[in-house]
Amino acid sequence: MVTIRLAAEQDYDAVARIMRQVHNMHVDWRPDIYIDIDPILPYDMYLAHLEEQQVIVAEVAGEVVGLIIYLTRNISGGPMRERKVLYVDSMAVEEQYRGQGIGHKLFDYVLRLCQEQQYDGLELQVNAKNAAARAMYEKYGFTEKSITMEFLGF
């Protein structure tokens, strides 16, 4: 059974381990951009997210196996309509638990949070090479808002 809850300080080691797994994928895909550093999520930054209640974890049999770290973005001014957007900064599931619906349970929690706290939108970025994550987001109804392009032919 999967339990979704706010993270606690004692979850740091598990969160850092799972974040490392996902970061390793990014380093493998794009070593020209990503640096192999450790920790990916420094402890003080983790504590700051906890203080704002911005870390949600998925737990199976008492073990943290997935997480979402999010931010609230209040958009206003210029040509933009005023909006309160929940931005998913990081989403990760332990390697051996991927494909078992844990990411869906985390997103279901976030969707309820968006409704309860009256967010106007839910946004995230996904690595273009992460087909599995992109497929999951598309199943939820996410659509492309913008596309970042790069030129490396110098």
Side-chain angles (χ1 to χ4, degrees), residues 2-59 64-77 80-95 97-98 101-150:
V2 179
T3 303
I4 307 296
R5 63 172 173 79
L6 287 174
E9 188 172 350
Q10 62 267 24
D11 297 323
Y12 175 74
D13 289 339
V15 167
R17 181 187 72 247
I18 296 166
M19 293 280 294
R20 156 73 35 214
Q21 291 174 3
V22 171
H23 184 70
N24 286 344
M25 290 185 336
H26 290 117
V27 171
D28 288 345
W29 289 327
R30 292 298 306 265
D32 58 318
I33 295 175
Y34 293 98
I35 300 169
D36 189 11
I37 61 168
D38 198 28
I40 298 308
L41 178 63
Y43 186 66
D44 59 337
M45 188 180 293
Y46 177 73
L47 292 178
H49 284 302
L50 285 186
E51 194 171 304
E52 297 295 323
Q53 297 187 327
Q54 298 171 328
V55 184
I56 300 160
V57 294
E59 196 175 59
V64 172
V65 297
L67 65 108
I68 286 182
I69 299 174
Y70 72 91
L71 310 168
T72 297
R73 291 185 170 168
N74 292 300
I75 301 165
S76 64
M80 303 296 286
R81 293 187 185 274
E82 193 166 306
R83 298 174 64 225
K84 178 182 170 185
V85 175
L86 187 146
Y87 180 80
V88 175
D89 182 69
S90 301
M91 193 272 190
V93 174
E94 178 86 43
E95 281 178 303
Y97 288 91
R98 293 181 193 149
I102 290 168
H104 288 282
K105 290 188 184 303
L106 285 162
F107 263 97
D108 290 343
Y109 184 98
V110 167
L111 288 172
R112 281 192 306 278
L113 182 67
C114 285
Q115 291 170 338
E116 290 168 6
Q117 296 188 11
Q118 299 181 327
Y119 281 86
D120 299 305
L122 172 59
E123 297 179 356
L124 54 81
Q125 284 187 314
V126 60
N127 189 299
K129 294 188 183 258
N130 195 339
R134 188 172 178 160
M136 185 187 92
Y137 302 142
E138 288 172 351
K139 282 182 185 176
Y140 267 91
F142 281 84
T143 58
E144 292 177 355
K145 176 182 166 187
S146 63
I147 298 172
T148 302
M149 300 176 75
E150 67 181 344

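Note that the structure is a prediction, hence the values are computed from the model and not measured.
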_Just verifying a value: how many Å separate R83 CZ and E123 CD, rounded to the nearest 0.5 Å?_
5.5 Å

_Heavy-atom side-chain proximity of D11 to R5 below 4.5 angstrom_ = yes

*Report yes if some heavy atom in the side chain of K129 is under 4.5 Å from a heavy atom in the side chain of M25; otherwise report no.*
no

*Atom NZ in K84, atom CD1 in I75: separation rounded to 0.5 Å?*
12.5 Å

*Between atom CG of L113 and atom CG of D108, what is the distance when rounded to the nearest 0.5 Å?*
12.5 Å

_Is the shortest side-chain heavy-atom distance between F107 and I4 below 4.5 Å?_
no

*Just do the side-chain contact (heavy atoms from CB on, under 4.5 Å) check on E150 and I33 with the steps written out, would you?*
CA-CA 12 Å; E150 67 181 344; I33 295 175; 4.0 Å; yes

*Just wondering, do Y70 and L122 contact through their side chains at under 4.5 Å, heavy atoms?*
no

*Looking only at heavy atoms, which two atoms of V126 and A133 are closest? And how far apart?*
CG2-CB, 3.9 Å

*Rounded to the nearest 0.5 Å, what's the gap from CZ on R98 to CE on M136? Could you check?*
12.0 Å

*Heavy-atom side-chain proximity of Y97 to I18 below 4.5 angstrom*: no

_Under 4.0 Å between a side-chain nitrogen and a carboxylate oxygen: does that hold for R134 and E144?_
yes

*Can you measure from CD (E116) to CD (Q118) and round to the nearest 0.5 angstrom?*
10.5 Å

*For the residue pair H23 and H26, categorise the inter-ring angle as parallel (less than 30°), tilted (30 to 60°) or perpendicular (more than 60°).*
tilted

*What closest approach, in Å, do N24 and D36 show between heavy atoms, and which atom pair accounts for it?*
OD1-OD1, 4.1 Å

*Which heavy-atom pair separates G121 from C114 by the least distance, and what is that distance?*
O-SG, 4.5 Å

Side-chain donor-acceptor pairs of residues 46-58 under 3.5 Å, sequence neighbours excluded:
residue	atom	partner	partner atom	Å
Y46	OH	A8	O	2.6
H49	ND1	Q54	OE1	2.9

*Which atom pair, heavy atoms only, marks the closest approach of K105 to V2?*
CD-CB, 3.5 Å

_For a 4.5 angstrom cut-off between non-hydrogen side-chain atoms, does V64 reach R17?_
no

*Between Y140 and H104, is there a donor-acceptor pair closer than 3.5 Å when you use the side chain of the first and the backbone of the second?*
yes

*V22 to A92 - nearest heavy-atom pair and separation*: CG2-CB, 3.4 Å

_Any non-hydrogen side-chain atom of N127 less than 4.5 Å from a side-chain atom of Y34?_
yes

*How far does CE of M91 sit from CD1 of I102, to the nearest 0.5 angstrom?*
9.5 Å

*Side-chain contact test, heavy atoms from C-beta onward, threshold under 4.5 Å: evaluate it for Y12 versus P39 and give yes or no.*
yes

